[in-house]
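Order of the sequence lines fixes the chain letters, A, B, ..., with proteins taken first and strands second; residue numbering starts at 1 for each chain. Keep in mind the model is a prediction, meaning the values are calculated, not measured.
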Number of protein chains: 2
Amino acid sequence: MTKGDGPVSSVSWQSIRDTMMTRIRAHDYAPGELIPNEVDLATEFGCARATVNRALRDLATSGFLDRRRKAGTRVREAPRRKATLTIPLTRAEVEASGARYEYRLLERGVEVPPPAVRGKLKLAGDERLLHVKSLHLADDVPHMFEDRWIVLDTVPEIEAVDLAKTSPNVWLVRHAPYTHGTMEFLAETAGARAKHLICAADDPVLTMLRVTWLDASPITFARQTFSPSHRMRLEL
Amino acid sequence: MTKGDGPVSSVSWQSIRDTMMTRIRAHDYAPGELIPNEVDLATEFGCARATVNRALRDLATSGFLDRRRKAGTRVREAPRRKATLTIPLTRAEVEASGARYEYRLLERGVEVPPPAVRGKLKLAGDERLLHVKSLHLADDVPHMFEDRWIVLDTVPEIEAVDLAKTSPNVWLVRHAPYTHGTMEFLAETAGARAKHLICAADDPVLTMLRVTWLDASPITFARQTFSPSHRMRLEL
DNA sequence: GAAATTAATATGTATGCACATAATAAACCT
DNA sequence: AGGTTTATTATGTGCATACATATTAATTTC
């Protein structure tokens, strides 16, 4: 050992985070109340302020603490718990379940979109979009039906892509990553999609809407409808 | 000497993160490929390695980079994009939309749960649970119907709480924060809940299932059914 | 007394350094 | 050759220090 004494028992920021978490849960620090400042905590834990800072920053981004310069750090009254949904790449999702994935292009065309779609993409004019319908299967069983509009002004290259081989989502992930977007979940009846999902028209199905943007330019609006009984899972 | 004077125009970790993000999106660093190591990047940006480290760590937790000691940092082939769902506290959600929130306790009892609930909570025996049904309204209109089971072995204090005044969720958030849990979304028909949600029995509704744990002990299983037309929104 | 100025303070972050840890590559030894 | 040991290397983390920044509190000014 170059340092002379054992494992240099310094305190890790994770251990501080865990200790503070325990105290918060035990209400050692009351909800809404200030906790000691970083310098004092560093003294208590016998470590540098930077280490305490890292621990508290982590708890703040997890939603358990509120931090403001000069005002100090306080325990959130109602912890803003967050669930992280790793956005499913359909192929990976299906294969992770051990099933064989298959993608089928159903329709492809360049059209003027209906007003609802224009609204989602915040398009003012009547520009033409690429409209694609596809079916994604797991072990030959319909898994998800997708109805997608793609803004050709934003990603013109996709018009030349053979979408029978490459699904629009796969191509977009690779060639046109978005900067931000929104997602919605809703329940509706299968309706006309029942034919593709092989279910009854009045079966309730889970639908996921997604709109993505490249800075100020809309990229795509996708409506993905899962087969009945499908559940979207998240870890907390 | 290195002791700074003047404004010491140093580089922020955010600016490095943004620059690297731009390069990733532009495929300056090809997907799957290694990017320069921290020392080299620090030289390039004219800053300390710790600053680069902070930037790259951030991109890694965002799912754009994969980092491994000695192996280096590489660009993810398929960025594991994550959507963060801030778990809705029903009251806050309703009031944020400008509506008046109301909570109504419908039923309360201590019962032996059906097998399906026991399974969710991983209960082997036939312990008795607190069973609560409640309705949450926005401007007098039904917003969400909740059917919840609470494990009395884990949080015995709740048996003494007046749940007509305090909703189980509010009490639990305050007195029994969970360590982890799971969440599921699914579509189903309203069925018997139609009466409370004031809709048709065969209307499709969005349901959210949640199971939470305090370490190895199950706390609660909640089935929250939203009124038809409700959508769950997430930011990407 | 109200408004403007100044001081005080807690968090935020950059730096240079040292060492820890994990993973790989190279060297080594039967 | 095949397996074991030993360097090498990139990231991970901790520390002490300095300064930045956002607020709040105190003080001064009109």
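Considering only the side chain of B/R68, C/dT24 comes nearest among C/dT24, C/dT21, C/dT9. When distances are taken from the side chain of B/K70 to each of D/dT24, C/dT15, D/dT8, the shortest belongs to D/dT8. Listed candidates were C/dG12, D/dG14, C/dT13. Nearest to the side chain of B/R54 is C/dT13.
The phosphate of D/dG12 (OP1 or OP2) has a side-chain N or O of B/N53 nearer than 4.0 angstrom. The phosphate of D/dT13 has neither OP1 nor OP2 within less than 4.0 Å of any side-chain N or O from A/T51. Between A/Q14 and the phosphate of D/dT13, there is a side-chain N or O to OP1/OP2 separation shorter than 4.0 Å. For the OP1/OP2 pair of D/dT11 and a distance below 4.0 Å, the side-chain nitrogens and oxygens of B/T73 include at least one atom meeting the criterion. For A/R57 and C/dT11, the shortest distance from a side-chain N or O to OP1 or OP2 is not below 4.0 Å.
Rounded to an integer number of Å, the gap from CH2 of B/W13 to C1' of D/dA20 is 16 Å. Between A/R67 atom CZ and C/dA10 atom C1' the separation is 9 Å, expressed in whole Å. When rounded to the nearest whole Å, the span between CZ of A/R69 and P of D/dA25 equals 18 Å. To the nearest angstrom, C1' of C/dG12 lies 14 Å from CZ of B/R17.
Using a 4.0 Å heavy-atom cutoff across all strands shown, A/A71 reaches no nucleic acid atom at all.
Side-chain atoms of A/T154 come within 3.5 Å of backbone atoms of A/P218 as a donor-acceptor pair (strictly under, hydrogens ignored). Side chain of A/T179 to backbone of A/W213: a donor-acceptor contact under 3.5 angstrom is found. The backbone N or O of A/D58 lies less than 3.5 Å from a partner atom in the side chain of A/T61, making a donor-acceptor pair.
Residue A/L56 is the one, among A/L56 and A/A50, whose nearest nucleotide of DNA chain C lies closer to the 5' end (criterion: closest heavy atom).
Minimum interatomic distance between A/R17 and A/A55 (heavy atoms only, all atoms of both residues): N-CB, 3.7 Å.
A side-chain N or O of B/R148 and one of B/T220 form a donor-acceptor pair less than 3.5 Å apart.
Listed in residue order, the members of residues 28-49 of chain A having a heavy atom less than 4.0 Å from DNA chain C are A/N37, A/E38, A/R49.
Ring planes of B/F226 and B/H143: perpendicular class, angle over 60° (limits at 30 and 60°).
Both tests do not hold together for A/R210 against A/Y178: distance to the six-membered ring centre under 6.0 Å, angle to the ring axis within 45°.
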